[in-house]
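Right, one structure below, let's go through it.
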Amino acid sequence: QVQLVESGGGSVQAGGSLRLSCVVSGHIYSRYPMAWFRQAPGKEREGVAAIDNDGSASYADSVKGRFTISKDNAKNTLYLQMNGLKPEDTAVYFCAADRFALGARDPMDPLTFGNWGQGTQVTVSS
């Protein structure tokens, strides 16, 4: 059983930065493709960034150049460095993982991932 626990959310002003963390336990972390998703009130959950088993990363167009996804295998932790935050980045951010390499699956599709954390709130004020 994989367990994912996010932390690092908070409230910041526009232009500020936050770093989200997701600690993984319960399985072979380094082999998992992982991703960050977010969900704003009244909106569908959307993909933000993903990293595959080989370390290759992908990003939603809305965060390219501002957000960076990374993994520390020694600490079993996934990160999301968020710079240049905008009010439209306000959402609950979720960490996700799956047992299988992404292959042809869409890393920005929530259905690609079978394991989820509980989420952490990010609020950006203008």
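Given the structure is predicted, the values throughout are model-derived calculations rather than measurements.
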Do [X] and [Y] make a side-chain contact, defined as non-hydrogen atoms from C-beta onward lying under 4.5 Å apart?
{"X": "L78", "Y": "W36", "result": "yes"}
{"X": "E6", "Y": "Q118", "result": "yes"}
{"X": "T112", "Y": "L102", "result": "yes"}
{"X": "L85", "Y": "F67", "result": "yes"}
{"X": "M82", "Y": "V12", "result": "no"}

Could you report the tightest heavy-atom contact between [X] and [Y], atom names first, then the distance?
{"X": "M108", "Y": "A60", "result": "SD-N, 4.0 Å"}
{"X": "C95", "Y": "L4", "result": "O-CD1, 3.6 Å"}
{"X": "A49", "Y": "L80", "result": "CB-CD1, 4.2 Å"}
{"X": "S125", "Y": "P87", "result": "C-CG, 4.5 Å"}
{"X": "Y32", "Y": "R99", "result": "OH-CG, 3.9 Å"}

Polar side-chain atom of T90 near backbone of V124 as donor-acceptor pair, under 3.5 Å: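 Flag set: sc T90 to bb V124 pair under 3.5 Å.
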
Any donor-acceptor pair under 3.5 Å from D52 side chain to D54 backbone: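 The answer is no, because no donor-acceptor pair under 3.5 Å joins these two groups.
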
Side chain to side chain contact (heavy atoms under 4.5 Å, CB included) between N115 and V24, intermediate numbers included: CA-CA 10 Å; N115 301 280; V24 185; over 6 Å; no

For [X], check side chain to side chain contact (heavy atoms under 4.5 Å, CB included) against everything at least two apart and list the hits.
{"X": "T68", "value": "Y59, Q81"}
{"X": "A96", "value": "F37, F113, W116"}
{"X": "E88", "value": "K86"}

CG-NZ distance between N73 and K71, expressed to the nearest 0.5 angstrom: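 Here the rounded value is 5.0 Å.
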
S17: partners by side-chain hydrogen bond (donor to acceptor under 3.5 Å, both in side chains), with sequence neighbours left out: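 Counting only residues at least two positions away or on another chain, S17 forms a side-chain hydrogen bond (donor to acceptor under 3.5 Å, both in side chains) with N83.
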
Listed partners of K64 passing side-chain hydrogen bond (donor to acceptor under 3.5 Å, both in side chains), at least two apart: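 Counting only residues at least two positions away or on another chain, K64 forms a side-chain hydrogen bond (donor to acceptor under 3.5 Å, both in side chains) with D61.
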
Under the salt bridge (Lys or Arg N to Asp or Glu O under 4.0 Å) test, residues paired with D89 that sit two or more places apart: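 With neighbours one apart ignored, the set is R38, R66.
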
Connected via hydrophobic side-chain network under 4.5 Å: F94 and Y79: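 No: no chain of side-chain contacts under 4.5 Å links F94 to Y79.
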
hydrophobic_cluster_shared for V92 and M34, side chain cutoff 4.5 Å: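 Shared cluster, no.
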
